[in-house]
Asks: 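Dropping a structure here in structure tokens format, bear with me for questions.
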Number of protein chains: 2
Amino acid sequence: MKRTTIKDLAARLSLSVSTVSRALSGDRNINAETRGRVLAAAEEMGYTPNPAAKSMRGGRSGAIGVLVPEMETHYTIQVIKGIQHVFYPKGIRVIIADAAEDPAVERENLLMMERFMVDGIIFCQCSYQHNADLLGALQEHGLPMVSFGRIPYGLAVSQVLVDDYAKSFFVVEKMIQSGCRHICHFRGPDNIYNSTERARGFRDVMGKYGLPFEDRHGGLGMEDGYVAVDRLVAEGLDVDGIFAFNEAVGVGAMNHLRELGFRIPEDISVAAFSGTDLSKVVFPQLTSVEPPMFEMGRAAAQMLIDQVLDPATPVRTVVLNAEINLRGSTGKK
Amino acid sequence: MKRTTIKDLAARLSLSVSTVSRALSGDRNINAETRGRVLAAAEEMGYTPNPAAKSMRGGRSGAIGVLVPEMETHYTIQVIKGIQHVFYPKGIRVIIADAAEDPAVERENLLMMERFMVDGIIFCQCSYQHNADLLGALQEHGLPMVSFGRIPYGLAVSQVLVDDYAKSFFVVEKMIQSGCRHICHFRGPDNIYNSTERARGFRDVMGKYGLPFEDRHGGLGMEDGYVAVDRLVAEGLDVDGIFAFNEAVGVGAMNHLRELGFRIPEDISVAAFSGTDLSKVVFPQLTSVEPPMFEMGRAAAQMLIDQVLDPATPVRTVVLNAEINLRGSTGKK
DNA sequence: CGGGCCTATGAAAACGTTTTCAGTGAAAAA
DNA sequence: TTTTTCACTGAAAACGTTTTCATAGGCCCG
């Protein structure tokens, strides 16, 4: 179980560790032939550098942290894949921590990342109203960081997002064009700033067509969509369309509407933000706004690397394009 | 950005680093008062040990690797959560690598884990026919490892599983009891040994009731379920039940059957192994065998810790109980 | 031919821990 | 009083790298 170290190579080749290290790291002050011998021996003896030693000397830990608010949806998973796609080929370890939508857990996770001495973090806050202090302090302390997905309102940090406002506007416009007149928005939680943006897009497009603006508290999960439908029915439901904060709420709403005997989309159309594969699995398939999740992860990772390499990198906001996919849950009335 | 080290503490307290280290690690050869002073100072100066240094000295990297065959299903994600639940409180970092069902990628991931010098791995092989050589070599080399979910056929390694045979037997028996007579099994890929076990459970229960045994190649994904249904229809479909290798295949089959105008469960019942939340989201809800995913992750993690602490720990196989959940996709004929 | 400048290498320090080996002084045992 | 033992602490080595710093020989230029 003993690993080959640089010392073993040095001994084998009757060279000093310095020379071997230089050969391995591609220093130019080294004889080409010596370099060749070292590389060959390294290959033969199966040498791989000890990351801990590298890290101790170099100051960098060679690991980055990814903090996500949930791991229930395919959204998060795809972003994580995008992130790993960038880091793993570079030999950088990725540590993932899930807050399960609990800001207290998120805080623990942040502190854990600090203990782990990660070189940077990529995060998506549970709530923009929580942990901004700690994130700010870490940033102040020099920890590179990039946010994705949820808007880190009030935090001057690099971020990769989609255009919540515009995409909400356009997808609802499609619903209107297909005949909807009384659309209700199932709004996201107030502590997620995207809720505000999506609601604004919704309000503006309804205004543009002179239609009444109406919304209900939606929440985040499938149960929330379920409950919101119940409430709407109890109030004597008078809508022909629902625009949900996210896919889960949309699916929850749609499933419950169907249980209650409504036909979708004939009686009521349903659309949602944050669509993933799931939108194509439910019946009818759900019209949704689908962010380029993998690409978002890649972009965030690249931005983080830039920051790690040059701490003076300015704060940037990257807005990627989300696709609007019209499916069976919306259609001609 | 300079972190407090043990040296800083020593200087501050006019003690030697050895003493500080001992106080911190809870060595008993230390004056209680001194220990108190050190702890107080550590708290005050916000000292946290440098994992890299610890690791270099201690030989252990403080990280473990988790190798999964896919991250599409909730199954894997839940197992990962169970694993993290055990390791994070202990300050052990978890590195996750996804093979996307490609044994070549899986091999890369294994090598990556070796480079990262993880203290152990928890894995679920894409295919029991691949990478057993490398896994065996690593094990031989002293790397602690635990397998979960898919049967690591031919590898003498600790593992946590559910009873594929018995649970397949029982869930299909329920279908029979509800009136199904011509059930077709959509079999999993041959390079996953669980396919064999589930098929065996299916064959035996059909035999017990004197019913004809029939199966088709199923595969792993939703598309596979879709395709298998098409093939069945092309052959002049004569079944009243389908038992799918996993949830994805089950959902794919069910969705396509519905597209083709079949009523579920009136015309055809559908059940599947490896159910997750998704089974409750689709319509109708899918009858499925649900492994205790989180618990499996926890168990695997605990077994790995045992092995790391004592390399002489004997190889164990832990079989956990999977729940059979009867839902709308099966029912009285 | 002597000084200066490359090229290639080695020696040693440093990173932050843990741990072994040696003490120290004081109390206990003789 | 002398010796032993004990409780506590310090010095230093070690883990595997990278990175000065130093130095050897060889070459060019005057």
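On a predicted model such as this, the values are computed, not experimentally measured, just so you know. In what follows, chains carry the letters A, B, and so on, assigned in the order in which the sequence lines appear, proteins first and then strands, with residues in each chain numbered from 1.
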Asks: Answer yes or no: is there a donor N or O on one side and an acceptor on the other, between the side chain of A:Gln159 and the main chain of A:Ile151, under 3.5 Å?
Replies: no
Asks: Assess, by modelled atom type and distance only, whether the side chains of A:Ser18 and A:Ser21 contain a donor and an acceptor separated by less than 3.5 Å.
Replies: no
Asks: Between the base of D:dA11 and the side chain of B:Ser16, is there a donor-acceptor distance below 3.5 Å?
Replies: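 No.
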Asks: Can you tell me how far P of C:dT19 sits from CZ of B:Arg28, to the nearest Å?
Replies: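 Rounded to whole Å, this separation is 14 Å.
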Asks: Return the value, rounded to whole Å, for the distance between atom CG of A:Asp8 and atom C1' of D:dG16.
Replies: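 Rounded to whole Å, this separation is 10 Å.
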Asks: Decide side chain to side chain contact (heavy atoms under 4.5 Å, CB included) for A:Asp8 and A:Arg3; before the verdict, give the C-alpha distance in whole Å, the side-chain angles of both, and the deciding distance to 0.1 Å.
Replies: CA-CA 9 Å; A:Asp8 300 330; A:Arg3 293 170 68 98; over 6 Å; no
Asks: Using atom OH of B:Tyr47 as one end and atom C1' of C:dG16 as the other, report the distance to the nearest whole Å.
Replies: 7 Å
Asks: For a quick check of understanding: with a heavy-atom distance under 4.0 Å over all strands, which category does A:Thr5 fall into, base, sugar-phosphate or nothing?
Replies: sugar-phosphate
Asks: I'd like to know whether OH of B:Tyr88 has more than 12 heavy-atom contacts from other residues, nucleotides or ligands below 6.0 angstrom.
Replies: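 Yes - once you tally the heavy atoms of other residues, nucleotides and ligands closer than 6.0 Å, there are more than 12.
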Asks: If you look at every strand shown and take non-hydrogen atoms under 4.0 Å, does A:Asn29 touch a base, only sugar-phosphate, or nothing?
Replies: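 Counting heavy atoms under 4.0 Å across all strands, the contact made by A:Asn29 includes a base.
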Asks: Within the structure, does a side-chain N or O atom of A:Thr19 lie under 4.0 Å from either OP1 or OP2 of C:dT9?
Replies: no
Asks: May I ask you to list the residues of residues 31-40 of chain B, by number, that have any heavy atom positioned under 4.0 Å from an atom of DNA chain D?
Replies: B:Asn31, B:Thr34
Asks: Heavy-atom nearest nucleotide on DNA chain D for B:Val20 versus A:Arg57: which residue maps closer to 5'?
Replies: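 That would be B:Val20.
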Asks: Find the distance A:Met117:CE to C:dT17:C1' and express it as a whole number of Å.
Replies: 12 Å
Asks: Counting just side-chain N and O atoms, does A:Lys7 come under 4.0 Å of either OP1 or OP2 of D:dC15?
Replies: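 Yes, within the criterion.
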Asks: Nearest whole angstrom, please: distance from the C1' of D:dG16 to the CG of A:Asn50.
Replies: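 My rounded result for the distance is 6 Å.
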Asks: Quick one: B:Asp27 CG to C:dT19 P, roughly how many Å, whole number?
Replies: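 To the nearest whole Å, that distance equals 9 Å.
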Asks: How would you label the contact of B:Ser21 with the nucleic acid (heavy atoms, under 4.0 Å): base, sugar-phosphate, or nothing?
Replies: base
Asks: Does B:Lys54 place a side-chain N or O at less than 4.0 Å from the phosphate oxygens OP1/OP2 of C:dT18?
Replies: yes
Asks: Determine whether a donor-acceptor pair (N or O, by modelled atom type, separation under 3.5 Å) exists between the side chain of A:Asn191 and the backbone of A:Tyr128.
Replies: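 No: the side chain of A:Asn191 does not pair with the backbone of A:Tyr128.
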Asks: Would you say the side chain of A:Glu101 lies within less than 4.5 Å of the side chain of A:Leu220, judging by non-hydrogen atoms?
Replies: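 Yes. Closest side-chain heavy atoms under 4.5 Å.
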Asks: For the pair made of CG in B:Leu24 and P in C:dT18, what is the distance, rounded to whole Å?
Replies: 7 Å
Asks: Just how far, in rounded Å, is P of D:dG16 from CZ of B:Arg60?
Replies: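 Taking atom P of D:dG16 as the reference, CZ of B:Arg60 is at 16 Å.
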Asks: Atom CZ of residue position A:Arg60 - does it have more than 12 heavy atoms of other residues, nucleotides or ligands inside 6.0 Å?
Replies: no
Asks: Is there a donor and acceptor pair, one atom on the side chain of A:Arg22 and one on the base of C:dG10, closer than 3.5 Å?
Replies: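 Between C:dG10 and A:Arg22, which were checked side chain against base, a qualifying N/O pair under 3.5 Å is present.
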